[in-house]
Amino acid sequence: MKTSSVMQKFIINGGKKLKGNIEVKGAKNDALVIFAASLLTSQPIMVSNVPEIEDTKRLLELLEKLGCKVKRIKYGEYKIKADSLASYSIDPEIAKRIRASILLTAPLLVRFGKVKFPHPGGCVIGERPIDQFLEGYKSMGAKTHNRGRLHEIVAPRLKGAEFIFNNITVTGTESLIMAAVLAKGRTVLKNCACEPEVKSLADFLNSCGAKITGAGTPHIVIEGVDKLKGGTHKTIPDRVEAGSFIILAATLNSNVVIKNCEPEHLDALLSVLRLAGVNFTKKRDRVEVKSSKLTSVNIKTHEYPGFPTDLQAPFCVLLTQSKGQGLVHETIYEGRLLWTEELKRMGANIHTYDPHRIEIKGPAKLRGREVESPDIRAGMAYLIAALCAKGRSTINNVYQIDRGYEKIEERMKKIGADIRRI
Ligand code: EPU
């Protein structure tokens with residue numbers, strides 16, 4: 001596995017305004033689940049607008065290790081054919097690094113009647129259990145066993161069932177949809193995640209012959225079918241990347257156009273930004289941000305359509321440049337505010353109440369520093385903070401940023417950022 005960017009750094013000279021257009025790539029979390037879903041058929045699947053990032057490469061490597069044929073047609077476009085799957089065991093070395101490997105469990109269970117996988121680990125943002133996946137598969141007739149952190153699930157043919165999620169989980173909802181499309185009979189899922197990536201998965205599977213209704217709402221019904229055919233999918237725009245660029249422009253009081261996005265997927269963020277005084281115009285597939293005077297607001301992360309946890313970290317940086325005090329309440333993950341300790345050392349005025357709540361007072365003058373990113377989204381937040389800070393910053397372990405954002409320094413340079421990779 002190539003993880004060379006673990007050793008790479010970004011050197012950033014901050015304090016410059018940005019200007020111009022920046023394009024949003026395809027959504028990481030959409031591409032990942034479509035790759036997994038392509039195992040449900042032995043016919044070819046074409047996926048375009050795929051972000052060329054570390055996480056998509058890792059998942060494609062996992063598919064190849066299972067015996068799947070993966071061909072890169074051109075930049076950002078892949079053909080996947082799972083007609084010669086040879087293994088139901090997910091490679092532990094890669095699975096340990098990428099939580100999304102859990103998405104392969106349902107398709108392998110469907111194809112082989114069994115799946116073996118390690119507990120997906122290595123996550124710094126919180127515990128991230130998998131009980132909802134296991135309970136869901138059990139409700140459909142599967143038997144689960146675990147030895148230490150190694151899981152094995154067996155189910156010769158899954159049966160339709162009614163399942164209510166105790167906790168709203170995006171990949172859990174996606175997994176049970178994938179488990180149910182070829183199951184015997186009808187499955188009813190309640191308290192589902194409503195994220196656009198869930199709707200996108202259902203649209204794709206329906207285009208391959210599945211019968212799914214209600215995706216994008218908390219109540220999803222799946223009528224099992226006997227077979228799926230091949231199909232094509234264009235990855236939807238990455239709403240987290242788009243939101244991060246909008247926040248970047250607002251934080252740096254800059255005029256930037258964020259192109260190729262789906263503004264409708266950003267409603268929660270845009271309504272909070274309006275309250276914070278951000279001057280922007282929403283067009284069909286772009287958001288134009290103009291220089292703005294920022295006022296603090298409170299945010300509380302929530303499942304879609306609420307404020308996304310994946311944008312909490314970038315938004316904290318915006319609050320350091322806003323006048324007043326803003327409370328940040330992270331409700332989804334218990335470890336996702338830890339990164340702000342380093343932001344404090346950059347000069348942010350932050351009071352930590354508990355693992356889920358901090359208060360940020362602004363505006364504060366940020367100073368360049370050497371930091372190391374714990375995860376993808378905190379990595380983007382450090383990038384925004386470094387571009388806003390006076391002086392030079394070094395961001396170590398660029399791999400964490402490359403996991404989620406394609407060639408970020410090249411795209412940021414085009415709008416005037418002083419950033420280089422070494
Ligand atoms: N949860 C359970 N039991 C489960 C599953 C989840 O209690 O079996 C709880 C978790 O503890 C957490 C909440 O449900 O409190 C969120 O669920 P989870 O961690 O399962 O989220 P996910 O579906 O794995 C997806 C995205 C994340 C994003 C979250 C929330 C993918 C591949 N990942 O994760 O994206 O933060 O939804 O929106 O779709 C990222 O892109 O950086 C990222 C972390």
Side-chain angles (χ1 to χ4, degrees), residues 25-37 51 53-56 58-59 62 95 97-106 117 119-139 144 146 151 153 163-179 189 191-201 235-236 238-244 265 268-269 301-314 330-337 339 355-356 373-381 399-405:
K25 300 287 178 182
K28 167 176 83 75
N29 293 342
D30 185 41
L32 294 177
V33 70
I34 299 297
F35 289 166
I53 52 179
E54 293 298 332
D55 272 18
T56 50
R58 289 298 86 74
L59 207 69
L62 274 179
R97 283 181 172 76
I98 164 168
R99 156 98 181 173
S101 59
I102 189 83
L103 286 168
L104 301 175
T105 57
F117 62 102
H119 193 88
C123 206
V124 292
I125 60 179
E127 199 199 332
R128 306 185 80 181
I130 59 164
D131 57 303
Q132 295 302 293
F133 297 75
L134 301 180
E135 290 306 319
Y137 297 147
K138 277 202 254 179
S139 76
T144 65
N146 68 303
H151 300 269
I153 308 176
F163 184 73
I164 305 181
F165 289 96
N166 261 339
N167 255 314
I168 301 179
T169 150
V170 179
T171 49
T173 302
E174 293 167 342
S175 295
L176 287 200
I177 291 176
M178 290 189 279
L189 303 176
N191 200 25
C192 297
C194 303
E195 268 70 359
E197 293 76 19
V198 175
K199 166 100 178 33
S200 170
L201 168 70
T235 310
I236 62 173
D238 197 312
R239 61 199 166 91
V240 179
E241 182 172 279
S244 304
H265 293 167
L269 170 71
T301 63
H302 195 279
E303 293 83 9
Y304 192 85
F307 190 97
T309 170
D310 292 340
L311 286 174
Q312 170 262 108
E330 168 57 58
T331 65
I332 316 269
Y333 297 116
E334 67 279 10
R336 227 180 194 180
L337 286 171
W339 73 280
H356 287 281
S373 179
D375 79 295
I376 310 178
R377 309 306 175 190
M380 173 52 83
Y399 183 74
Q400 282 299 339
I401 297 177
D402 290 340
R403 282 185 56 200
Y405 306 93

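Whatever order the structure lists them in is the order used to number ligands and atoms, beginning at 1.
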Exercise. For Gln132, take its heavy atoms, then give the atoms of ligand 1 lying under 4.0 Å from any of them.
Key: 3 (N), 4 (C), 8 (O)
Quiz prompt | Atom pair CZ (Arg377) and OH (Tyr405), whose distance is rounded to the nearest 0.5 Å | solution = 4.0 Å
Report all side-chain donor-acceptor pairs from residues 28-37 shorter than 3.5 Å, counting only partners two or more places apart or in another chain.
residue: Asp30; atom: OD1; partner: Ser200; partner atom: OG; Å: 2.8
residue: Asp30; atom: OD2; partner: Ser200; partner atom: OG; Å: 3.4
residue: Asp30; atom: OD2; partner: His233; partner atom: NE2; Å: 2.9
residue: Asp30; atom: OD2; partner: Ile236; partner atom: N; Å: 3.0

Quiz prompt | Gap between atom OG1 of Thr309 and atom CD of Glu330 - 0.5 Å precision | solution = 3.5 Å
Quiz item: Roughly how far, to the nearest 0.5 Å, is NE2 of His302 from CD1 of Ile332?
Solution: 7.5 Å
Quiz item: Nearest to atom 11 (O) of ligand 1, what protein heavy atom do you find, and at what distance?
Solution: Pro129 CD, 3.2 Å
Quiz item: With only distance considered, is Ala100 within less than 3.5 Å of ligand 1 through an N or O on each side?
Solution: no
Practice problem: Specify the protein heavy atom at minimum distance from atom 17 (O) of ligand 1: its residue, its atom name, and the distance to 0.1 Å. | Solution: Thr169 CB, 3.8 Å
Quiz item: Quick check: does any side chain N or O of Glu241 sit under 3.5 Å from a backbone N or O of Lys25, one acting as donor and the other as acceptor?
Solution: yes
Quiz item: Residues two or more places apart in sequence or in another chain: which of them pass salt bridge (Lys or Arg N to Asp or Glu O under 4.0 Å) with Glu197?
Solution: Arg239
Quiz item: At what distance is the nearest protein heavy atom to atom 44 (C) of ligand 1, and which residue and atom is it?
Solution: Arg336 NH2, 3.5 Å
Self-check item: Closest candidate by heavy atom, reference atom 9 (C) of ligand 1, pool Asn167, Asp375, Val240
Solution: Asn167
Quiz prompt | atom 36 (O) of ligand 1: nearest protein contact (heavy atom, Å) | solution = Asp310 OD1, 2.7 Å
Quiz item: So how far is it from Ser101 OG to Leu103 CG, rounded to the nearest 0.5 Å?
Solution: 8.0 Å
Quiz item: How many angstroms lie between atom CD1 of Ile102 and atom OG1 of Thr105, to the nearest 0.5 angstrom?
Solution: 4.5 Å
Exercise. Return the residue, atom name and 0.1 Å-rounded distance of the protein heavy atom closest to atom 18 (P) of ligand 1.
Key: Tyr333 OH, 3.6 Å
Quiz item: What atoms in ligand 1 come closer than 4.0 Å to a heavy atom of Lys28?
Solution: 40 (C), 41 (O)
Quiz item: Hey, is Arg99 touching ligand 1 through its side chain, its backbone, both or neither, going by heavy atoms under 4.0 Å?
Solution: side chain
Quiz item: Between the side chain of Thr173 and the main-chain N/O of Cys192, is any donor-acceptor distance below 3.5 Å?
Solution: no
Self-check item: Closest approach of any protein heavy atom to atom 37 (O) of ligand 1, naming residue and atom
Solution: Val170 CG2, 3.3 Å
Quiz item: Nearest protein heavy-atom contact for atom 32 (C) of ligand 1: which residue, which atom, what distance?
Solution: Asn29 OD1, 3.4 Å
Exercise. Give the numbers and elements of all ligand 1 atoms closer than 4.0 Å to a heavy atom of Ile130.
Key: 8 (O)
Exercise. Scan Thr331, Asp310, Thr301 and name whichever one has a side-chain hydrogen bond (donor to acceptor under 3.5 Å, both in side chains) with Arg336.
Key: Asp310
Quiz item: Among protein heavy atoms, which sits nearest to atom 12 (C) of ligand 1, and what does the distance come to when rounded to 0.1 Å?
Solution: Ile332 O, 3.7 Å
Quiz prompt | Nearest-option assignment for atom 34 (O) of ligand 1, heavy atoms, candidates Arg377, Met380, Arg128, Glu195 | solution = Arg128
Quiz item: Does any N or O atom in Glu174 lie less than 3.5 angstrom from one in ligand 1, N or O only?
Solution: no
Quiz prompt | Inter-residue atom distance Leu104.CG - Met178.CE, 0.5 Å rounding | solution = 8.0 Å
Quiz item: Are any of the heavy atoms in Val33 under 4.0 Å away from ligand 1?
Solution: no
Practice problem: Answer yes or no: does an N/O atom from Thr309 fall short of 3.5 Å to an N/O atom of ligand 1? | Solution: no
Quiz item: Does the Glu195 side chain pair with the main chain of Tyr304, one donor and one acceptor, at a distance under 3.5 Å?
Solution: yes
Quiz item: Should you measure from each heavy atom of Thr171, which atoms of ligand 1 turn up under 4.0 Å away?
Solution: 20 (O), 22 (P), 23 (O), 24 (O), 31 (C), 32 (C), 39 (O)
